[in-house]
Amino acid sequence: MKILVLIGNVPDTTTKIKFNADKTMFDATGVQWIINPWDELALTRAMELKETAGSGIETITVANVGHQETEATLRKALAIGADKAIRVDADAKDAFYVASQLALVSQGYDLIFAGVEASDYNGAAVGGMLAELLGIQSVSSVSGLQIDGGLVKITREIEGGSQALSVAAPVMAIVQKGIAKEPRIPAMRGIMMARSKPLEVVQPSETEIRMSFEAFDLPPAKAACKKFTEEQAKELIHALREEAKVL
Amino acid sequence: MSVLIYIDNQDGKIKKAGFEAASYGVALAKEAGVAAVAVSLGNVDESELAKLGNYGITKVLSCTDARFATLDNSAIAKALAVAANQSNANIVVLAHNNLGKAVAPRLAVKLNAGLVSNVTGLPISLQPFKVNKNVFTGKAIGHALIYTEKKVLTLSYNSFGVIEQAASAVIESFDPGLNASDFGLTVEQTQKVTGKILLSEAEIVVAGGRGMKGPENWTGIEQLAEELGAGTACSRPVSDEGWRPHGEHVGQTGKIIAPNLYFAFGISGAIQHLGGVSGSKVIVAVNKDPDAPIFEAADYGIVGDAMKVLPQFIEAVKELKA
Ligand SMILES: Cc1cc2nc3c(=O)[nH]c(=O)nc-3n(C[C@H](O)[C@H](O)[C@H](O)COP(=O)(O)OP(=O)(O)OC[C@H]3O[C@@H](n4cnc5c(N)ncnc54)[C@H](O)[C@@H]3O)c2cc1C
Ligand SMILES: Nc1ncnc2c1ncn2[C@@H]1O[C@H](COP(=O)(O)O)[C@@H](O)[C@H]1O
């Protein structure tokens, strides 16, 4: 079995979000870039599966659509343990564009992992679009995954509960919390080995842009918090009814 | 032309997210001067579907094929594409819940449509088509432009609300023409949390963090939640420690919720936590530390001990109800 893990390159989750002066673009100065948290968990799960005796997993490939600067993120994925990386050399313009580029390099895998959303633009789109372009099944909100005799056994979240199901490969698993416990941190040996692992750069194909962001706003500043003392706890509850009108 | 609204169901029942999508779709269709059509897939009674009339829906396409119960994303997207083409829809609206966000991207590809997920209101303009969406996990709002003729939108929960307006819904049976080979999932087991308020649908949520010290101190949180008819939630370390089930974890890497009222007891208010709750209309924080960042996000707060405040809150709510 061959696994592909899609890797989004996003600002560190503690980044203070700011935009350029005319508010048309995210201001990336001083930003630390990381593997999108879901993708990091997906890669961790892929590694665990590969290490399971008799799993039959031959290789784990990671892929990203991005410019040269995202290579550090792909190298980190290699250091965590992926065997090979592919970068489509293009701006990640919109989800359809990214999925179309990924479709060129995603043929022949039995299991593809994507994250439920990228933590920057929260598109929640690339995994599903790629599955549709490839004409394969997709299961979303995946919180657990095993491989059992060629079948992929999945646990997913549904409204108000969870569900266990099985599906034949090839399949796209769009993952969320639970797929792995803690993301793996690259070890020194992994970092050394990553340097010599293959990182293939692929040229993009011509694809239309379907959406873009014209501008961004920060949420309106909140009014100062109304403070009550411990002794006034009941008054706070009264304020929720009379003033905020939420009770 | 029309706006098509996908109304998903849970075991044959339509939930608030479905009625909210209907309300939104009806308002959007009105603005665009076109018809609003709802579509339901799976075994849902006519009496249940008729409820959509209370939210202004006049026409429902219903395919009662029980196979849709497996929530097969590919099959559902296929059926919705057929419905969209039949009703000449130029916009399709889905709820941004587990199912809606899974199906929307597939549908967008089928329809050659641009997709904007997690929209927070009606379009700012129709020509060009511009609509706001949440980005950076609630830390900013993006003004998204869609260039394609057809559009797919998923609606952020509790961002539009349900709007009641009496209409009478005509239910038409709909056959998307799928075959057995269109369904590829085998469901082996379904576990539903019963008897509890669903976190994703709760109007009020009571949450606890590491400041609660241990699982034994959750009785107060549960009691307050019960008095308020609220859902319960927690910060990530609390579910990591196993003090509370994982389903309760809210934040950037957990559930993203937007209730009308959110209580945070002993939660410091880390940026990753706030990402999941900042959409709440009103936030109440109780924390011992006056400098805890949660107070910057909160509307009401008490600098104090959660254990002392909880019993008083419970008392006060009981009194209000009496
Ligand atoms: C990639 C990434 C993703 C993350 N995702 C999430 C996420 O989705 N959700 C999430 O919650 N976290 C997330 N985190 C973790 C986050 O950074 C914080 O560590 C976490 O939110 C802190 O949880 P807490 O507020 O419960 O605990 P703490 O930060 O330990 O805060 C406890 C608070 O309780 C107060 N306190 C103590 N005793 C009392 C008392 N008796 N009464 C009242 N107050 C008291 C303290 O003053 C303190 O403010 C993420 C972190 C990373 C790196
Ligand atoms: N530029 C990209 N390159 C590779 N994979 C991506 C890229 N953008 C998004 N993805 C994948 O798609 C998932 C969902 O992203 P999005 O649809 O952008 O919210 C991410 O978790 C990644 O797995």
Please evaluate residues B:Leu99 and A:Ile158 with respect to the criterion side-chain contact (heavy atoms from CB on, under 4.5 Å), reporting the C-alpha separation (whole Å), side-chain torsions for both, the decisive distance (0.1 Å), and the verdict. CA-CA 7 Å; B:Leu99 186 59; A:Ile158 54 172; over 6 Å; no
| query | Hey, does the side chain of B:Lys133 reach the backbone of A:Tyr121 with a donor-acceptor pair shorter than 3.5 angstrom? | reply | yes
N/O donor-acceptor pair under 3.5 Å between A:Asn122 side chain and B:Phe136 backbone: yes
Open item on the list: Checking side-chain polar atoms at under 3.5 Å, does A:Glu157 have a donor or acceptor matched by the opposite partner on B:Asn98?
Closed with: no
Examine the side chains of B:Tyr147 and A:Glu208 and answer whether a donor and an acceptor come within less than 3.5 Å of each other.
-> no
For this session: Apply the test side-chain contact (heavy atoms from CB on, under 4.5 Å) to residues A:Glu230 and B:Val303: give CA-CA distance (whole Å), side-chain angles for both, the deciding distance (0.1 Å), then the verdict.
Result: CA-CA 7 Å; A:Glu230 247 177 31; B:Val303 178; over 6 Å; no
Check each atom of [X] against the heavy atoms of chain A and say whether the ones under 4.5 Å are side chain, backbone, both or neither.
| X | result |
| --- | --- |
| B:Asn132 | neither |
| B:Glu319 | side chain |
| B:Thr253 | both |

Practice item. State whether B:Phe313 and A:Lys234 meet the cation-pi test: NZ (Lys) or CZ (Arg) under 6.0 Å from the six-membered ring centroid, and within 45° of the perpendicular axis. Key: no
Of A:Leu151, A:Leu133, A:Leu247, the largest count of non-hydrogen pairs under 4.5 angstrom with chain B goes to A:Leu247
Could you go through the side chain to side chain donor-acceptor pair (under 3.5 Å) check for A:Thr13 and B:Gln252 one step at a time? CA-CA 8 Å; A:Thr13 54; B:Gln252 177 140 20; 4.9 Å; no
Only distances under 3.5 Å count here; give the side-chain donor-acceptor pairs of residues 160-180 of chain A to other protein atoms, sequence neighbours excluded, each with its distance to 0.1 Å.
residue, atom, partner, partner atom, Å
A:Gln163, OE1, A:Arg156, NE, 3.1
A:Gln163, OE1, A:Arg156, NH2, 2.7
A:Gln163, NE2, B:Thr190, OG1, 3.0
A:Ser166, OG, B:Glu188, OE2, 3.1
A:Lys177, NZ, B:His246, ND1, 3.1
A:Lys177, NZ, B:His249, ND1, 2.7

Output yes when [X] and [Y] qualify as a salt bridge under the 4.0 Å nitrogen-oxygen rule, no when they do not.
| X | Y | result |
| --- | --- | --- |
| A:Glu214 | B:Lys130 | yes |
| B:Asp299 | A:Lys226 | no |
| B:Lys110 | A:Glu132 | yes |

